[in-house]
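See below for the structure under consideration.
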Amino acid sequence: MIQKRNLIFLGPPGAGKGTLSDPLMKAEKLAHISTGDILRAEIKNGTELGKTAKTYMDQGKLVPDQVVADMVGRRLADADCKGGFILDGFPRTVAQAELLEKVMAEINMKLDAVVLFDAPEELLLQRLTSRLTCRSCGASFNKLFAKPAKEGICDNCGGELYQRSDDSLETAKNRLKVYNEQTAPLIEYYIGKNLLRKIDSSLPKAEGYAALQAVLN
Ligand code: AMP
């Protein structure tokens with residue numbers, strides 16, 4: 001069992017946060033909280049929150065801090081988060097990190113580590129624009145690097161694979177710009193709190209997973 005269990009996965013889009021969350025949450029029985037997945041489910045269900053979020057997401061912009069922080073606060077209070085969790089794609093701004101600290105203090109929780117997924121920008125763009133996502137379970141595949149066994153079908157659940165509208169080249173470039181401007185300052189923020197651990201996420205999945213386990217012990 002890994003020692004550090006209350007986790008943030010930090011890194012640019014396409015760095016493999018979702019890909020490595022999947023085996024880790026299964027092996028360690030951690031709750032997986034992906035703000036992107038929650039927002040996409042809200043859009044699919046046609047909720048008010050989904051309608052608001054879509055206007056930002058379609059442009060590769062960030063959904064307002066308070067909206068996502070409230071969403072995460074509610075989710076962290078669920079019983080399945082008590083044994084540990086992965087926050088995937090949250091926080092994305094220093095303001096969100098501060099809101100998170102407040103919410104966690106209220107429910108007596110403490111972060112154990114922030115894992116930074118590091119990869120060169122060229123590789124991120126290549127991964128994003130060739131990514132395929134499952135409509136049913138949200139799993140990621142890739143036309144170039146991690147093809148599904150059957151074209152267009154999810155290996156995990158048999159769901160339909162599609163290309164996310166924000167994985168187009170133009171929006172993906174904008175998301176990387178937003179990451180560099182608004183999210184990258186969190187690296188210094190969490191170094192300052194002595195929580196940051198870095199892994200090389202240009203590695204193939206099995207090696208990346210081994211590197212991840214090593215920094216969580
Ligand atoms: P992701 O699936 O993590 O790549 O997120 C897809 C999109 O959802 C992002 O480009 C944002 O528009 C929105 N989003 C996800 N998480 C957050 C967050 N923590 N703060 C603001 N917007 C977010």
Side-chain angles (χ1 to χ4, degrees), residues 2 4-25 28 30-40 57 60-63 65 68-69 72 84-98 100 111-131 133 138-142 144-146 164 166-167 169 171-216:
I2 50 169
K4 298 181 172 41
R5 302 184 66 81
N6 289 354
L7 308 171
I8 289 175
F9 282 7
L10 176 67
K17 303 185 296 295
T19 301
L20 291 189
S21 289
D22 187 56
L24 190 72
M25 64 167 276
E28 299 288 338
L30 302 175
H32 178 216
I33 307 172
S34 155
T35 42
D37 283 353
I38 300 174
L39 292 168
R40 279 184 290 279
M57 291 167 79
K61 291 186 181 164
L62 296 185
V63 174
D65 291 333
V68 271
V72 170
F85 55 82
I86 303 167
L87 281 172
D88 168 1
F90 179 93
R92 263 172 151 103
T93 63
V94 171
Q96 289 181 17
E98 288 166 352
L100 174 67
L111 279 176
D112 295 329
V114 177
V115 182
L116 174 63
F117 286 60
D118 199 32
E121 199 148 311
E122 222 172 282
L123 176 65
L124 297 171
L125 272 181
Q126 205 181 20
R127 278 185 182 165
L128 287 170
T129 53
S130 55
R131 176 156 74 176
T133 304
S140 286
F141 296 85
N142 193 290
L144 302 175
F145 308 109
R164 277 171 47 179
D166 62 346
D167 281 344
L169 181 61
T171 312
K173 277 188 179 161
N174 198 39
R175 287 161 65 206
L176 287 175
K177 187 165 167 268
V178 167
Y179 172 81
N180 288 326
E181 289 171 1
Q182 300 192 49
T183 309
L186 285 174
I187 299 171
E188 285 303 319
Y189 181 86
Y190 285 119
I191 287 176
K193 297 193 179 283
N194 202 18
L195 286 169
L196 202 87
R197 308 280 180 278
K198 187 159 122 178
I199 65 166
D200 174 2
S201 63
S202 60
L203 295 171
K205 186 173 171 181
E207 288 165 54
Y209 187 61
L212 176 63
Q213 282 178 308
V215 298
L216 296 179

- Using distance alone, with no hydrogens and no angle criterion, decide if Ser130 and Asn142 have a side-chain donor and acceptor under 3.5 Å apart.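 Yes.
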- Task: Any chance you could lay out the side chain to side chain contact (heavy atoms under 4.5 Å, CB included) test for Phe117 and Thr19, step after step, and finish with the verdict?
- Result: CA-CA 11 Å; Phe117 286 60; Thr19 301; over 6 Å; no
Residue pair [X] / [Y]: nearest heavy atoms and the distance that separates them:
{"X": "Asn6", "Y": "Gly84", "result": "OD1-CA, 3.4 Å"}
{"X": "Pro12", "Y": "Leu176", "result": "CB-CD2, 3.9 Å"}
{"X": "Val178", "Y": "Gly60", "result": "CG2-O, 3.6 Å"}
{"X": "Ser202", "Y": "Ala119", "result": "N-CB, 4.3 Å"}
{"X": "Leu116", "Y": "Tyr179", "result": "CD1-OH, 3.9 Å"}
{"X": "Ala97", "Y": "Pro91", "result": "N-CB, 3.5 Å"}

Between [X] and [Y], is any pair of side-chain heavy atoms under 4.5 Å apart?
{"X": "Gln126", "Y": "Phe145", "answer": "yes"}
{"X": "Arg92", "Y": "Val68", "answer": "no"}
{"X": "Asp37", "Y": "Arg40", "answer": "yes"}

- Go through the steps to decide whether Met57 and Thr171 satisfy the test side chain to side chain contact (heavy atoms under 4.5 Å, CB included), and finish with yes or no. CA-CA 9 Å; Met57 291 167 79; Thr171 312; over 6 Å; no
- List for me each residue that meets side chain to side chain donor-acceptor pair (under 3.5 Å) alongside Thr133, sequence neighbours excluded, and say none if there are none.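 For Thr133, no residue satisfies side chain to side chain donor-acceptor pair (under 3.5 Å) once neighbours in sequence are set aside.
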Under 3.5 Å donor-acceptor, [X] side chain and [Y] backbone:
{"X": "Asp22", "Y": "Gly18", "result": "no"}
{"X": "Arg175", "Y": "Asp166", "result": "yes"}
{"X": "Lys17", "Y": "Gly89", "result": "no"}
{"X": "Arg5", "Y": "Glu28", "result": "yes"}

Measuring from atom [atom1] of [X] to atom [atom2] of [Y], what distance do you get when rounded to the nearest 0.5 angstrom?
{"X": "Leu128", "Y": "Lys173", "atom1": "CG", "atom2": "NZ", "result": "12.0 Å"}
{"X": "Ile8", "Y": "Gln96", "atom1": "CD1", "atom2": "CD", "result": "10.0 Å"}
{"X": "Leu24", "Y": "His32", "atom1": "CG", "atom2": "NE2", "result": "9.5 Å"}
{"X": "Met25", "Y": "Leu30", "atom1": "CE", "atom2": "CG", "result": "8.0 Å"}
{"X": "Thr93", "Y": "Phe90", "atom1": "OG1", "atom2": "CZ", "result": "7.5 Å"}

- Derivation and outcome, side chain to side chain contact (heavy atoms under 4.5 Å, CB included), residues Ile33 and Leu87: CA-CA 5 Å; Ile33 307 172; Leu87 281 172; 3.9 Å; yes
- Val115, Ile2, Leu7 screened by side chain to side chain contact (heavy atoms under 4.5 Å, CB included) with Leu212, the one that passes: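 One option only clears the test, and that one is Val115.
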- Message: Tell me whether the count of non-hydrogen atoms from other residues, nucleotides or ligands lying under 6.0 Å of NZ in Lys4 goes above 12.
- Response: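 For Lys4, atom NZ is crowded (more than 12 foreign heavy atoms under 6.0 Å).
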Donor-acceptor pairs under 3.5 angstrom involving side-chain atoms of residues 185-199: please list them, not counting sequence neighbours.
| unit_1 | atom_1 | unit_2 | atom_2 | d |
| --- | --- | --- | --- | --- |
| Tyr189 | OH | Glu101 | OE2 | 3.2 |
| Lys193 | NZ | Glu101 | OE2 | 3.4 |

- Query: How far apart are the C-alpha atoms of Arg127 and Leu123, what are their side-chain angles, what is the distance that settles it, and do they pass the side chain to side chain contact (heavy atoms under 4.5 Å, CB included) test?
  - Reply: CA-CA 6 Å; Arg127 278 185 182 165; Leu123 176 65; 3.8 Å; yes
